[in-house]
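Written out below as structure tokens is the structure these notes cover.
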Amino acid sequence: MTATWQIVVHGRVQGVGYRAACVVEARRIGLNGWVRNRRDGTVEVVAQGEAAQLLALCDWMRHGPPGAQVSSCIVDKTWVAESPLKGFEQRTSI
């Protein structure tokens, strides 16, 4: 069953290649969705796929790429997507 999760990562996650590495990892896993920086210094991901795929991305996001220092990873499993997501992309920061 396909689910859509919102994941927000806190810590030193901007300026360390987190978004680009997240795109690579999400595509490797086979997820659809997007990643972006937020003004508050966090990185936000909305990912769509099977539960096992989403859990694999969450596991990766808890440490991220070299240089990242993740302090917390908050997962909202109740996110509702307006439509099916296609591909996985890096979006403009908000």
Side-chain angles (χ1 to χ4, degrees):
M1 182 167 80
T2 300
T4 304
W5 293 0
Q6 178 198 40
I7 308 151
V8 178
V9 183
H10 298 257
R12 193 173 87 118
V13 293
Q14 291 188 10
V16 295
Y18 198 102
R19 290 176 299 158
C22 186
V23 169
V24 170
E25 186 65 14
R27 287 177 179 170
R28 185 191 69 77
I29 294 169
L31 291 168
N32 294 304
W34 50 264
V35 58
R36 68 181 172 194
N37 284 342
R38 299 193 327 182
R39 282 185 213 103
D40 63 1
T42 61
V43 170
E44 176 185 23
V45 168
V46 171
Q48 194 171 69
E50 301 297 318
Q53 294 171 299
L54 293 163
L55 287 170
L57 182 64
C58 285
D59 286 344
W60 178 88
M61 290 180 70
R62 286 187 176 90
H63 59 80
Q69 295 176 348
V70 176
S71 60
S72 68
C73 187
I74 300 168
V75 181
D76 179 356
K77 297 179 181 179
T78 64
W79 186 271
V80 178
E82 294 176 12
S83 60
L85 302 170
K86 303 272 188 207
F88 201 95
E89 65 183 14
Q90 183 173 316
R91 288 197 173 170
T92 304
S93 301
I94 62 161

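On a predicted model such as this, the values are computed, not experimentally measured, just so you know.
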To the nearest 0.5 Å, atom CG of Leu54 lies from atom CE of Met61 at 11.0 Å

Residues at least two apart in sequence or cross-chain that pass side-chain contact (heavy atoms from CB on, under 4.5 Å) with Ala68, listed by chain then number, are Val16, Tyr18, Pro65

Has the side chain of Gln53 got a donor or acceptor atom that lies under 3.5 Å from a matching backbone atom of Ala47?
no

Sorted by chain and number, sequence neighbours left out, salt bridge (charged side-chain N to carboxylate O under 4.0 Å, His left out) with Glu50 holds for none

Residues passing the side-chain hydrogen bond (donor to acceptor under 3.5 Å, both in side chains) test with Arg28, sequence neighbours excluded, are Glu25

*asked:* With side-chain contact (heavy atoms from CB on, under 4.5 Å) as the criterion, how do His63 and Val70 come out once you've worked through the C-alpha distance, each side chain's angles and the decisive distance to 0.1 Å?
replied: CA-CA 6 Å; His63 59 80; Val70 176; 5.7 Å; no

Residues passing the side-chain hydrogen bond (donor to acceptor under 3.5 Å, both in side chains) test with Thr78, sequence neighbours excluded, are Asp76

Connected to Ile74, directly or through other members, by ILVMFWY side-chain contacts below 4.5 Å are none

Open item on the list: Starting from Val8, can I reach Val35 by hopping between I/L/V/M/F/W/Y residues whose side chains sit under 4.5 Å apart?
Closed with: no

Does any non-hydrogen side-chain atom of Ile7 lie less than 4.5 Å from one of Cys73?
yes

Between Gly33 and Leu85, the two heavy atoms sitting closest are CA-CD1, 3.7 Å

For Arg91, the salt bridge (charged side-chain N to carboxylate O under 4.0 Å, His left out) test, sequence neighbours excluded, returns Glu89

Nearest heavy-atom approach of Cys22 to Val45 is SG-CG2, 3.8 Å

Heavy atoms of Ser93 and Arg19 approach each other most closely as OG-NH1, 3.6 Å

Partner of Arg36 under side-chain contact (heavy atoms from CB on, under 4.5 Å), picked from Ile94, Val46, Thr42, is Ile94

Tracing side-chain contacts under 4.5 Å among Ile, Leu, Val, Met, Phe, Trp and Tyr outward from Val24 reaches none

Between Ile29 and Leu57, the two heavy atoms sitting closest are CD1-N, 3.7 Å

So ring pair (Phe, Tyr, Trp, His ring centres under 6.0 Å) across residues 65-94, not counting sequence neighbours, yields none

Quick note, salt bridge (charged side-chain N to carboxylate O under 4.0 Å, His left out) partners involving residues 54-64, not counting sequence neighbours, are Asp59-Arg62

For residues 4-13, the side-chain hydrogen bond (donor to acceptor under 3.5 Å, both in side chains) pairs (sequence neighbours left out) are Thr4-Gln48, Gln6-Glu44

Is the backbone N or O of Gly87 less than 3.5 Å from a side-chain atom of Asn32, with the two atoms forming a donor-acceptor pair by type?
yes

